[in-house]
Protein chains: 2
Amino acid sequence: MFKTEAEFLKAYNKNEFDRPSITVDIVVFSVSSGEAENWRKLSQKKMSVLLVKRDTFPFKNKWCLPGGFLKMDETLDEAAKRVLLNETNMKNIYLEQLYTFSDLKRDPRMRVVSTAYVALIDKNKYEEVAKAASWYKINLNIENNLYSFVLENEKEKLVFKVKKEGDHFVSVDSELAFDHDLVIAYALNRIKNKLEYTNIVFSLMPEYFTLGELQQVYEVILGKKLLDPAFRRVIANKVVKTDKVKKGGGHRPSVLYKFKDD
Amino acid sequence: MFKTEAEFLKAYNKNEFDRPSITVDIVVFSVSSGEAENWRKLSQKKMSVLLVKRDTFPFKNKWCLPGGFLKMDETLDEAAKRVLLNETNMKNIYLEQLYTFSDLKRDPRMRVVSTAYVALIDKNKYEEVAKAASWYKINLNIENNLYSFVLENEKEKLVFKVKKEGDHFVSVDSELAFDHDLVIAYALNRIKNKLEYTNIVFSLMPEYFTLGELQQVYEVILGKKLLDPAFRRVIANKVVKTDKVKKGGGHRPSVLYKFKDD
DNA sequence: TGAATAGTGTCTGTGAGACAATATTAT
DNA sequence: ATAATATTGTCTCACAGACACTATTCA
């Protein structure tokens with residue numbers, strides 16, 4: 001029929017088939033310090049996720065992940081960076097493709113396939129976040145395979161539950177827009193798994209941090225207490241001691257460390 | 001503007017924006033036993049990947065991964081299963097979403113975003129494969145961050161090289177169609193990483209196997225020799241001894257094991 | 001008998017878990 | 001002085017690496 005590839009391409013009808021839309025959604029995590037019980041105690045750290053309030057249909061006034069449509073002249077990675085920059089003014093941060101979600105009914109408007117990304121930041125570097133965006137602290141309770149999330153704010157609480165079935169999550173009940181309950185569950189899971197064998201934690205930390213703070217972040221992501229000496233042994237070769245210290249609590253001051261990038 | 005979500009949806013123009021096409025591509029791996037040097041020796045196992053020859057433009061007569069366009073009424077998972085069934089007659093096999101590739105020029109026809117899947121099978125269960133499909137044994141040489149692949153067949157050799165940069169691969173040189181060099185590199189990497197902390201190996205094995213055979217598969221995927229006693233200790237609790245044995249080599253017969261599914 | 005794989009025993013060093021002990025601060 | 005965290009020391013146990021040794025088959 002066609003002799004050359006050039007000839008074929010010229011005659012090709014791009015619009016022969018109907019196509020889904022493609023979006024990117026981004027799960028932006030950071031660690032926020034909650035309130036301390038008293039002046040002596042350390043403030044309790046929690047994982048936080050950035051949500052935006054939808055101001056249009058569908059799901060008007062519901063909260064969802066920052067996201068947007070993929071443009072024809074950008075890759076998914078580029079789209080993710082663009083969204084992040086637009087909605088949160090964040091640049092040069094840890095960004096990783098998570099998973100592509102394609103359920104038929106995930107968007108009531110039309111067929112939308114969405115590639116989700118995870119971003120990790122030290123939230124204190126980006127105090128101002130887009131008008132409609134807000135940090136929610138994550139409280140997660142796991143019983144058997146039921147993951148109960150409570151995302152909370154100074155103003156609001158959002159609840160959702162997902163069930164883990166093998167490697168997948170299934171929605172049980174959600175107050176978020178779209179299937180973003182699943183996306184968050186999936187994302188947290190990914191981060192948890194990668195914690196041990198990568199250096200992603202440091203994306204959540206400021207330049208200088210104490211080992212206590214670092215350990216708290218580990219504990220918050222893994223959802224369990226770690227033993228101090230064991231943690232220090234393991235982390236020792238990823239980290240360099242500085243000559244700075246953090247004083248001020250009613251207890252022994254703590255040496256500040258930096259990430260050791262080999 | 002709109003009072004209710006229903007009202008909004010009714011007026012929504014789905015075709016306001018131009019959209020990329022979406023495809024799925026599948027990296028089907030299996031382990032094939034090569035030739036033995038002599039009757040006494042065990043046959044050398046290799047990872048194999050299933051390729052199909054393109055019979056139309058673009059990339060006419062080039063080899064590529066089995067794949068196809070996503071239909072409007074199916075999820076990506078379903079599309080992957082459909083492709084697998086069509087092209088290879090395979091059903092109920094291990095299938096996992098790998099990554100979504102979105103480079104602007106990956107398909108010369110038009111903008112195509114492709115979600116890649118990995119499938120693992122015991123190739124002996126599926127002797128007949130679609131007409132245009134063929135198994136290629138994978139030879140991989142890694143030097144620093146340069147991964148040199150040679151895929152070989154009874155008839156043909158396909159060569160490609162990719163560079164690993166952080167978590168990503170970059171094409172250096174490829175005889176395959178599209179960006180399927182990257183997809184294969186990415187897939188092999190994923191399998192290698194998951195080998196230790198999952199049970200995916202057993203998807204590559206027949207129901208009954210010897211520990212020697214299992215060890216060979218590990219060695220082939222990891223690209224290094226393992227010590228027998230250590231391997232047996234680690235694998236012991238994932239496996240049950242049967243009362244069958246495998247005789248026939250000029251050496252002590254080997255007990256056949258089964259996967260222990262808890 | 002000999003080449004080849006199957007399978008076991010054991011020594012050693014590393015590293016995680018557990019817990020105890022010491023150090024230092026602000027009030 | 002006290003409550004709280006910071007930091008180090010050390011004992012034990014599990015386990016991986018290394019290597020040696022035994023077992024069994026079939027041309």
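Below, all heavy atoms of this structure are taken into account, side chains as well, without hydrogens, waters or symmetry copies. In what follows, chains are A, B, ... by sequence order, proteins preceding strands, each numbered from 1.
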Side chain of [X] (C-beta onward), nearest among [options]:
X      : options               : value
B:W39  : D:dG9, D:dA27, C:dG7  : D:dA27
B:R233 : D:dG17, C:dG7, D:dC19 : D:dG17
A:L42  : D:dA16, D:dT25, D:dT5 : D:dT5
B:R232 : C:dG7, C:dA4, C:dT25  : C:dG7
A:K241 : C:dG17, D:dT8, D:dT5  : D:dT8

Calculate the interatomic distance between [X] atom [atom1] and [N] atom [atom2]; express it in whole Å.
X      : N      : atom1 : atom2 : result
A:F231 : C:dG17 : CZ    : C1'   : 16 Å
B:E219 : C:dT5  : CD    : P     : 12 Å
B:I235 : D:dC15 : CD1   : P     : 15 Å
B:K224 : D:dG17 : NZ    : C1'   : 11 Å
A:L214 : D:dT7  : CG    : C1'   : 15 Å
B:L226 : C:dA6  : CG    : C1'   : 16 Å
B:E196 : D:dC15 : CD    : P     : 17 Å
A:N237 : C:dA16 : CG    : P     : 10 Å

Notebook entry, point to check: So which one's nearest nucleotide on DNA chain D is more toward 5', A:H251 or A:D228?
Noted result: A:H251
Notebook entry, point to check: When you measure from the side chain of A:Q215 to the backbone N and O of A:L226, does any donor-acceptor pair fall under 3.5 Å?
Noted result: yes
Note to self: Donor-acceptor check, side chain of B:H180 to backbone of B:C64, threshold 3.5 angstrom: yes or no?
What the structure shows: no
Next item on the list: Compute both the distance and the angle, then confirm whether B:K244 meets the cation-pi test with B:Y208: under 6.0 Å from the six-membered ring centre, within 45 degrees of the axis.
Entry: yes
Check: Going by modelled atom types, is there a donor-acceptor pair between the base of C:dA6 and the side chain of B:R252 at under 3.5 Å?
Finding: yes
Check: For A:K246, does the NZ atom have more than 12 heavy-atom neighbours from other residues, nucleotides or ligands under 6.0 Å away?
Finding: no
Check: Has A:E143 got more than 12 heavy atoms of other residues, nucleotides or ligands less than 6.0 Å from its CD?
Finding: no
Checklist line | 5' precedence on DNA chain C between A:P229 and B:L256 (nearest-nucleotide basis) | finding: B:L256
Check: Where each residue is assigned the nucleotide of DNA chain C containing its nearest heavy atom, which of A:G249 and A:L227 is assigned the position nearer the 5′ end?
Finding: A:L227
Next item on the list: Would you tell me if any nitrogen or oxygen in the side chain of A:N38 comes within less than 4.0 Å of OP1 or OP2 on D:dA4?
Entry: yes
